[in-house]
Structures are given as C-alpha cells and as structure tokens.
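Note that ligands are numbered from 1 as they come in the structure, with each ligand's atoms numbered from 1 the same way. The figures that follow rest on heavy atoms only: side chains count, while hydrogens, waters and symmetry mates do not.
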Amino acid sequence: MFPKGFYRDENGELNVQGIKVSVLTEKYGTPLFIYDTGLMKERYEVFLNTVKNVKGNIHYAVKANDSVNIIKFFGKLGAGADIVSIGEFHKCIAAGITPDKIIFSGVGKDKYEIETALKHNILQFNIESEEELNDIYIIASKLRLTANICLRINPDIAPDTHKKISTGEKETKFGIDTEKITSVYKKLHELDYINPVGLGVHIGSQIFDFRFFEKAYLNLKSIADSLKINGYKVPTLDLGGGIGIHYDSNKKPDFVAYKKIISDIFLKSDYQLSFEPGRCLIAEAGVLITKVIRNKKNKDKNFIIIDAAMNNLIRPTLYDAYHKIETVKNKKGQAILVDIVGPICETGDFIALNRELVKVLSDDLLAIRTTGAYASVMRSNYNSRVDALEILIFNGKSYKIKQIDTIQDTILKEKILDFNS
Ligand code: LLP
C-alpha cells in the first residue's frame with residue numbers, strides 16, 4: 001500500500017500511488033494537474049465519520065473542482081452536490097448525481113436556471129433574498145411544480161479569513177438579514193408551490209478559528225428552534241462549508257474539533273443536517289506540476305520563470321495565497337531567495353514571492369502543492385495560453401480526464417470576418 005496523496009520515494013522523488021511524477025510529465029507534458037483519488041477517498045470517509053452521528057448529509061461543493069470525474073468519484077462514495085449554477089447542475093447529472101441530491105445555492109440564480117432546476121425536481125433551493133423567493137414562486141406556480149426552499153441567513157459574522165472569501169458579514173451580498181429571517185420563513189408557509197425545508201448558513205471559506213462556526217450554528221439553531229416553537233416546520237439545517245486547510249504544512253484539517261462543535265450543538269436535536277465541504281475534500285489531492293523555463297537575475301532579485309502562470313492558478317495574486325512549491329526530484333544545494341513567476345505580461349503573474357528554493361535549472365520540474373481546489377476551476381486563457389492538462393490517478397493508473405483545446409482549436413471557434421466593405 002502506498003501513502004495517500006503525493007509522497008517522496010526512497011530516492012526523494014515525488015510519487016503518487018507508486019508512480020513517479022516525472023514519468024507522468026514525460027507522458028503528458030507540463031503544466032499538468034494531477035489528482036489522487038486515494039486521498040480524495042480518505043478525505044471523504046473522514047468527513048463522513050465527522051458528520052455521521054449528527055445525521056449529516058454531504059453535498060460536495062462542486063465549485064471547488066467541477067471536473068465531471070471528480071464529482072463522479074465523490075458521487076460514487078455517496079455524496080450529493082452543492083451547486084451555484086445550472087452549468088454545475090449539468091456537470092452533476094453527467095457525473096451521475098441525481099437531482100434529488102443536489103442543493104442549488106447562490107445569490108444570482110436567473111429565471112432560466114430556476115425553471116430548469118424545478119423541472120428536474122432538484123432537492124432544494126438555498127435562497128438569499130425575498131426578491132429571489134418571488135421569482136421562484138412565480139415560476140413554480142406557472143409550472144405547477146413545488147419548490148423546496150431553504151433560507152440562507154446572513155448572521156453578520158466576520159470569520160478569520162481573506163476578505164474576498166468571507167461571506168457572513170452584513171455588508172456582503174450573501175444571505176438574508178437575521179432580523180428578516182423569521183418573517184420571510186413564515187411567508188414561505190403561506191405560498192402555494194413553496195415548501196419550506198429549513199435554514200442555512202455559510203460564513204466563508206478557509207476558516208481556522210472554529211468559534212466562528214460555533215457562533216453561526218448556534219445562531220442558526222436558535223432561530224430554527226423558535227420557529228418550531230411557534231409551529232413552523234424546520235426539518236433541515238444547512239451548515240455550509242468553509243473548513244480551513246493547511247497550505248504550508250502536511251497538517252490535516254481539524255475534523256476532530258469540527259466534530260466536537262457540531263456534536264455539542266446538534267447531537268440532541270432532530271434536525272437533518274447538510275454539509276457543503278469543498279476545499280477540505282479535494283485541495284490536497286491535487287498538484288500542479290510545472291517546468292522551469294529559465295532563471296533570470298536582476299540587480300537585486302532572482303526569478304524562476306515557469307510554464308504555469310496566473311491563468312492556471314490565480315490564488316496567489318488574487319488572495320495573497322501561499323502554495324508550497326518543491327522540486328519533483330530530490331535536489332541538494334543551498335536555498336536561495338526567489339520569485340517564482342509565470343510568462344504572463346503583468347507583475348501580478350506570480351505563484352510565489354520571496355520564497356526560499358534550492359537552485360533549479362531550465363527543464364527542472366516543480367510541484368505546486370495543494371492545487372486540487374479553486375485552481376483549475378478558476379483558470380483562464382489570458383495571453384492566448386491553452387489550458388493545463390488534467391489527469392486522475394485511480395487504482396495505480398493515470399487517466400487523462402479532459403481534452404485540451406489547442407490554439408488552432410480556439411482560433412477555429414472564432415468567427416473570423418473578412419472586413420471587405
Ligand atoms: N457552500 C457555499 C454556499 C459556498 O459559497 C462555498 C464556497 C462552499 C460551500 C464551499 O466552501 P469550502 O468548503 O470549499 O471552503 N476561490 C476561493 C474560495 C471561494 C469559496 C466560495 N464558496 C479560494 O480559492 O480560496
């Protein structure tokens with residue numbers, strides 16, 4: 001049995017499921033995303049164990065990585081899905097996840113998306129405003145189909161995370177103000193074709209101080225309890241996602257602390273709980289392998305220019321995010337201070353700044369770790385760069401999981417005018 005995830009063999013070379021990463025890049029080239037199903041399975045099972053004593057259902061947050069194969073892998077393990085667009089819905093269907101296991105979240109579902117989801121009898125809509133409720137009500141009445149509705153609360157909590165991925169404060173676009181929740185929830189009971197199924201909360205992503213979860217869940221439960229005392233049915237509570245992972249070490253997410261919080265709050269209650277984990281299931285199961293194009297030295301700086309760029313991984317420049325970077329083969333030597341940058345023509349195109357790394361040469365391979373979540377999904381083709389190839393490792397074998405458009409393919413998709421007047 002090989003260790004789960006990416007590990008070093010006896011020669012210090014990076015491996016996955018008994019395969020040398022350098023053998024994979026010989027076959028597939030670079031930049032290359034590699035995903036390990038071994039770690040994905042382990043993570044899923046740990047999460048399941050974390051939530052099982054509180055009647056928790058897992059709805060994988062597809063936005064973290066929407067590759068159909070990755071959705072399908074979690075689906076086969078038993079997961080439902082949390083989606084935020086009808087595009088993600090179709091990916092889930094292609095992955096074999098049935099609509100009765102899909103939660104539709106997001107602040108901007110448009111009418112076509114609502115109609116499509118309703119016609120497929122989606123499990124529930126997590127809605128974020130009274131205006132959205134009105135739209136759903138009109139469409140559901142027209143179609144004579146019932147919409148299951150869960151209201152997302154905005155608890156006005158600011159967790160310990162980057163501003164751009166914090167979603168629980170009242171200034172953000174997310175959720176319905178706590179003061180309004182009770183009246184909107186009551187309204188759900190008065191409308192035909194609307195079936196109230198509960199309340200939900202998601203305060204943000206990459207959260208380490210679980211006291212914020214505790215506060216948000218207690219707040220959610222107390223609103224739900226008081227609605228129930230007043231005779232309203234609140235069968236489910238959706239606790240969202242957001243568990244932080246360690247980008248700078250091999251430490252695992254703190255599922256033990258999370259389990260304690262949810263058990264303390266919910267063990268004695270009869271709510272059916274939903275969880276929407278994304279990052280903690282898939283981030284560490286992915287690496288982005290890149291090749292060194294060349295070194296460059298300016299007066300005061302060393303640069304390593306690589307063939308991956310901000311179009312493959314935007315997190316460092318968008319959120320000041322840290323990703324561990326290491327050589328794929330064991331390299332000895334003294335570490336020097338470098339900026340690791342891509343070929344894109346802007347200063348924001350970097351993967352790491354002021355990083356200590358052993359001296360590398362052209363064609364050396366580097367592994368950018370923990371890139372299974374929010375990496376490939378946020379890609380672009382800026383600077384006419386083609387996508388990185390993606391492969392999945394399953395049962396000791398590698399599989400290409402997408403076809404990449406060549407630049408000729410992309411030109412063919414443009415409608416070229418002749419400009420003769
Ligand atoms: N549920 C909802 C309603 C969400 O908005 C999100 C993430 C999740 C669940 C999953 O959260 P997770 O377990 O993955 O933390 N691109 C950013 C992260 C954006 C997260 C958006 N919402 C990044 O690269 O850090």
Side-chain angles (χ1 to χ4, degrees), residues 40 43-44 46-47 50-51 56-66 70-71 74 79-85 88 102-109 124-128 132 150-155 159-169 172-176 199-210 212-213 216-217 220 237-247 253-255 258 262 273-286 288 310 312-323 351 368-380:
M40 286 161 61
R43 274 305 159 79
Y44 185 83
V46 172
F47 200 92
T50 304
V51 302
N57 287 329
I58 301 178
H59 295 266
Y60 167 58
V62 168
K63 62 178 81 64
N65 189 317
D66 64 7
I70 284 173
I71 304 170
F74 287 128
D82 163 54
I83 61 161
V84 286
S85 73
E88 288 187 350
I102 300 176
I103 294 176
F104 197 169
S105 303
V107 73
K109 305 171 195 78
Q124 78 191 48
F125 293 88
N126 284 5
I127 74 162
E128 310 218 11
E132 185 183 348
C150 164
L151 299 186
R152 174 169 174 179
I153 298 184
N154 180 318
D160 59 324
T161 191
H162 193 279
K163 196 166 162 284
K164 289 183 184 156
I165 55 173
S166 172
T167 55
E169 290 149 88
T172 68
K173 65 182 174 183
F174 297 103
I176 299 172
L199 302 173
V201 72
H202 171 80
I203 55 173
S205 192
Q206 189 57 354
I207 293 166
F208 288 98
D209 186 342
F210 290 0
F212 292 106
F213 287 133
Y217 298 164
L220 183 75
L237 295 179
D238 185 330
L239 304 187
I243 293 178
I245 60 147
H246 297 276
Y247 282 91
D254 199 350
F255 291 116
Y258 191 71
I262 54 174
L273 300 178
S274 316
F275 295 85
E276 302 171 351
R279 191 189 313 261
C280 66
L281 296 184
I282 182 68
E284 290 139 286
L288 172 58
M310 66 190 279
N312 307 111
L313 177 64
I314 202 168
R315 303 192 68 259
T317 195
L318 190 58
Y319 314 118
D320 309 306
Y322 176 96
H323 285 263
I351 303 295
I368 307 169
R369 300 294 299 260
T370 323
T371 44
Y374 305 115
S376 164
V377 270
M378 297 177 79
R379 73 190 171 273
S380 76

Practice prompt. Give the residue and atom name of whichever protein heavy atom lies nearest to atom 20 (C) of ligand 1, and the separation in Å to one decimal.
Written response: Y374 OH, 3.6 Å
Discussion item. Taking 4.0 Å as the limit for heavy-atom contacts, which would you say applies to S205 with ligand 1: side chain only, backbone only, both, or neither?
Written reply: both
Fill in: Nitrogen or oxygen of R315 less than 3.5 angstrom from that of ligand 1
yes
Worksheet item: With sequence neighbours excluded, what pairs up with I314 under the side chain to side chain contact (heavy atoms under 4.5 Å, CB included) test?
Response: T317, L318, M378
Discussion item. Just to confirm my output: which protein heavy-atom neighbour is closest to atom 22 (N) of ligand 1, and how far is it?
Written reply: K63 CD, 3.4 Å
Worksheet item: Under a 4.5 Å cut-off applied to non-hydrogen side-chain atoms, are T370 and R315 in contact?
Response: no
Fill in: Residue portion contacting ligand 1 (non-hydrogen atoms closer than 4.0 Å) for D82
side chain
Worksheet, complete the sentence: Residues at least two apart in sequence or cross-chain that pass side chain to side chain contact (heavy atoms under 4.5 Å, CB included) with T167, listed by chain then number, are R152, F174, H202
Worksheet, complete the sentence: Closest to atom 17 (C) of ligand 1 among protein heavy atoms sits Y319 OH, 3.2 Å
Worksheet item: Near G241, which atoms of ligand 1 are under 4.0 Å from a heavy atom of that residue?
Response: 9 (C), 13 (O)
Item to complete: Heavy atoms only: give me the nearest V377-A64 pair and the separation to one decimal.
Response: CG2-O, 3.4 Å
Fill in: Numbered atoms and elements of ligand 1 in range of R152, under 4.0 angstrom, heavy atoms
3 (C)
Worksheet entry | Ionic contact status for E88 with K63, cut-off 4.0 Å | no
Practice prompt. With heavy atoms of I165 as the reference, note each atom of ligand 1 found under 4.0 Å away.
Written response: 17 (C), 18 (C), 19 (C), 25 (O)
Worksheet item: With a 4.0 Å heavy-atom cut-off (strictly under), which part of H59 contacts ligand 1: side chain, backbone, both or neither?
Response: neither
Worksheet item: Mind checking whether Y258 and F213 have parallel, tilted or perpendicular rings, split at 30° and 60°?
Response: perpendicular
Practice prompt. Indicate yes or no: does an N/O atom of I243 lie under 3.5 Å from an N/O atom of ligand 1?
Written response: no
Response to the item:
Among E276, M378, R279, closest by heavy atom to atom 3 (C) of ligand 1 is E276
Item to complete: Look at atom 8 (C) of ligand 1 and say which protein heavy atom is nearest, naming residue and atom and giving the distance to 0.1 Å.
Response: H202 CE1, 3.4 Å
Worksheet item: What class does the angle between the rings of F208 and H246 fall in, given that below 30° is parallel, 30 to 60° is tilted and above 60° is perpendicular?
Response: tilted
Worksheet item: Which class fits the ring pair Y60 and F74: parallel under 30°, tilted 30 to 60°, perpendicular over 60°?
Response: tilted
